[in-house]
There are 2 protein chains.
Amino acid sequence: MNFKLNCNKQNDSTCILQGFKNKRQRAFAEREQELLSLAEGLMDKLGFAALTMDKLVAACDYSKGTVYNHFSSKEDLLCALCTRSMETELALFERAMTFNGCNREKLLAVCFAYRLHALLNPTQFYCVLSAKTPAVMEKASAARLEHQQLLEQALGEVGDKIFEQAMSNAELPQSEQRAASQLTFAAWALMFGSNALFSAASEAQMLQQLDAEQSILLNINLLLDGMQFSPLSSEHDYAQSWQRISDQIFAEEVALVKRKVR
Amino acid sequence: MNFKLNCNKQNDSTCILQGFKNKRQRAFAEREQELLSLAEGLMDKLGFAALTMDKLVAACDYSKGTVYNHFSSKEDLLCALCTRSMETELALFERAMTFNGCNREKLLAVCFAYRLHALLNPTQFYCVLSAKTPAVMEKASAARLEHQQLLEQALGEVGDKIFEQAMSNAELPQSEQRAASQLTFAAWALMFGSNALFSAASEAQMLQQLDAEQSILLNINLLLDGMQFSPLSSEHDYAQSWQRISDQIFAEEVALVKRKVR
DNA sequence: ACCTGAACACCGTTCAAGT
DNA sequence: ACCTGAACACCGTTCAAGT
């Protein structure tokens, strides 16, 4: 219901998971997804900077006016791509939550999903990065930004839930200052930063891509140890957990990433 | 000397701190700084997305061709602004290093400087964020990207130095996997992510701006605790250290930020 | 009610002519 | 050797006309 308030007749395609009153609305939503897929494909093929409204119009079966009925500006399109990326991220998070392990391992599984998503869909991750840029934020439509915020909240709640459970299990000390949302923010910032810096790092620079996975596991383990999230990394082999997450939950996607690199 | 290899006659203005052989080179470098200041001012005034090569040309005393002699593209200009931002950051870092305290406090001072810089120069921070975006990276000149990488290294070395000293003082456990550069990367990613997410968060969203400072201190303390960087936050009042850093090293800048907010 | 695409304003970039 | 700015190609956006 709260979705519907944010969705006028031109922007309800963002509510793709919700039901629709009529066929027209559904067709509109489907066309928007089609346009987004096309735009992402163009960015993949031609390079991120080469995406143009003209090219998108040329590649689709609709006119300029119709495309602008979906996206109020190029930046709005970019923001929509970011939102869509967060939707696929959320689906990965929910799969991560099914990992059969302790709460700290579950959180690791979510971090694995976050990193996997960036590797699997680099173009999508770039859209998320760009959407944090004022050039995009200044020009995206209000409805789009609102929807993005809602999704960000949904993603955050996945983290909150794990931290809360860990607290009530006494695997994590409770404290007024260290509320679940604070801890989620810390983990999110660390993962976002790690991904952004690794993605931006050119070939020769710093650590090679192979080290990246190790670095990310180290980073998150340092943070969780600092939270006194038990079992501590000195008490448990989280490299093995990481591998188990890879094998048991995301084997298919990991194979895809490896095929890409090769 | 290694600078000179990266600097052809059109791009040596990036070596502003180095000496110049002749007056022409110096004049060129000074003009570039003038153009950068102008560009930043325009972004401040008109909004990030409104910066245009046309407007920059109109605002300065030079022609289009001359501006393009400095910046090979708009993205190259953005990258130059990012580099310049990192130069002011480095200066703040070096001041932070003079803080009279233990190594962990020194690292905190550097983090304080990093955060302060983002608050003091939001436009500059946005340039850094944008420069991590492929749209910019794809179109910036090679020389510019090289110079940026050099500066990034210089910034990283500040962190490395602290971690290395802490290790040799046995304030920080030594380990093959946890090399100083790894720890620097972790802290950098956390700070970069925290700043980016807080900057992008709109007014209503999540935590208010007042909480941001507390969050950042908490985040970095969690990470450093996880590294077992002693004294641990349970053994020392780092909120007080944070305040001392603010008062003793950056009083002037902090006052400026407060005046801005008011 | 929605789609269309010509038309417009503006922006990034180049380069022949000038000094 | 460097500067100039007219000129060009392209891009984002709009909107009157059409269905």
Side-chain angles (χ1 to χ4, degrees), chain A residues 8-13 20-32 34-35 38-39 42-43 46-81 130 135-136 138-141 144, chain B residues 7-13 20-32 34-35 38-39 42-43 46-81 130 133 135-136 138-141 144:
Chain A
N8 62 36
K9 61 182 169 1
Q10 298 202 339
N11 282 309
D12 54 8
S13 66
F20 290 99
K21 278 183 193 150
N22 58 45
K23 275 192 182 173
R24 227 194 304 116
Q25 285 184 328
R26 169 158 283 276
F28 188 88
E30 274 165 8
R31 192 171 57 190
E32 182 147 325
E34 187 192 334
L35 286 171
L38 217 49
L42 284 172
M43 264 176 20
L46 307 174
F48 191 89
L51 178 65
T52 284
M53 295 305 261
D54 271 351
K55 283 178 193 161
L56 178 59
V57 168
C60 75
D61 288 332
Y62 315 105
S63 71
K64 252 179 182 184
T66 299
V67 170
Y68 269 89
N69 262 357
H70 286 273
F71 311 107
S72 66
S73 67
K74 193 196 172 184
E75 284 73 21
D76 197 45
L77 166 63
L78 229 70
C79 196
L81 283 167
S130 297
V136 172
E138 283 172 6
K139 296 200 71 189
S141 72
R144 194 80 63 186
Chain B
C7 298
N8 61 38
K9 61 183 167 2
Q10 295 201 342
N11 280 309
D12 56 7
S13 67
F20 291 99
K21 278 184 193 145
N22 57 46
K23 275 192 182 176
R24 230 196 300 117
Q25 286 184 327
R26 169 158 281 277
F28 189 89
E30 273 165 9
R31 192 170 56 189
E32 183 148 324
E34 187 192 336
L35 286 170
L38 217 48
L42 284 172
M43 265 177 18
L46 308 174
F48 192 89
L51 177 65
T52 284
M53 294 304 264
D54 270 351
K55 283 177 193 159
L56 178 59
V57 169
C60 75
D61 288 331
Y62 315 106
S63 71
K64 251 177 185 187
T66 299
V67 170
Y68 270 88
N69 262 358
H70 285 274
F71 312 107
S72 65
S73 67
K74 193 194 172 183
E75 283 73 21
D76 198 45
L77 166 64
L78 230 71
C79 197
L81 282 166
S130 298
T133 271
V136 172
E138 284 172 5
K139 296 199 72 192
S141 72
R144 194 80 62 185

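Below, chain A is the first sequence line, B the second, and so on; all start at residue 1. Just so we're clear, the structure is a prediction, and the values are computed from it rather than from any experiment.
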*To the nearest angstrom, how far is Asp61(A) atom CG from dG5(C) atom C1'?*
15 Å

*Between the base of dT14(D) and the side chain of Lys64(A), is there any donor-acceptor pair under 3.5 Å?*
no

*If each of Lys55(A) and Tyr62(B) is mapped to the nucleotide of DNA chain D with the nearest heavy atom, which maps nearer the 5' terminus, i.e. the 5' end?*
Tyr62(B)

*So, does the side chain of Lys74(B) form a donor-acceptor pair with the base of dT13(C) at under 3.5 Å?*
no

*Report the nucleotide, chosen from dC3(D), dC2(C), dT4(C), that has the shortest atom-to-atom distance to any side-chain atom of Thr66(A).*
dT4(C)

_Contact summary for Arg144(A) and Phe71(A), nearest pair of heavy atoms_ = NH2-CD2, 3.4 Å

*Round to the nearest Å and state the distance from Leu56(B) atom CG to dC11(C) atom P.*
13 Å

*Taking NE2 from His70(B) and C1' from dT13(C), how many angstroms apart are they, rounded to a whole number?*
16 Å

*Would you say a side-chain N or O of Arg31(B) is under 4.0 Å from OP1 or OP2 of dC3(D)?*
yes

*To the nearest angstrom, how far is Met53(A) atom CE from dA7(C) atom C1'?*
17 Å

*Closest to the Tyr68(A) side chain, choosing from dG12(D), dC3(C), dT4(D)*: dG12(D)

*With side chains defined as the heavy atoms from C-beta onward, is the minimum distance between Glu138(B) and Glu75(B) less than 4.5 Å?*
no

*From the options dG12(D), dT4(C), dT13(C), select the nucleotide whose nearest atom is closest to the side chain of Ser73(B).*
dT13(C)

*Let me know the distance between NZ of Lys139(A) and C1' of dG12(D), rounded to the nearest Å.*
7 Å

*Considering just the side-chain nitrogens and oxygens of Asn69(A), establish if one lies under 4.0 Å of OP1 or OP2 belonging to dC3(C).*
yes

*Given atom CG of Asp76(A) and atom P of dC11(D), what is their separation to the nearest angstrom?*
20 Å

_I want to check something: taking the side chain as every heavy atom from C-beta on, are Glu30(A) and Glu34(A) in contact at a cut-off of under 4.5 Å?_
no

*Whole angstrom is fine here: how far is it from CG in Asp54(A) over to C1' in dC10(C)?*
14 Å

*Most 5' of Gly65(B) and Glu75(A) on DNA chain D, judged by nearest nucleotide*: Gly65(B)

*Using Watson-Crick or G-U wobble geometry with both distances below 3.5 Å, tell me the partner of dT19(C), or none.*
dA1(D)

*asked:* Is any side-chain heavy atom of Leu78(B) closer than 4.5 Å to one of Lys139(B)?
replied: no

_Backbone of Val57(B) reached by a side-chain donor or acceptor of Lys64(B) within 3.5 Å_ = no

*Considering Watson-Crick and G-U wobble pairs with both distances under 3.5 Å, what does dA6(C) pair with?*
dT14(D)

*Whole angstrom value for the distance that separates C1' of dC11(D) from CG of Leu46(A)*: 15 Å

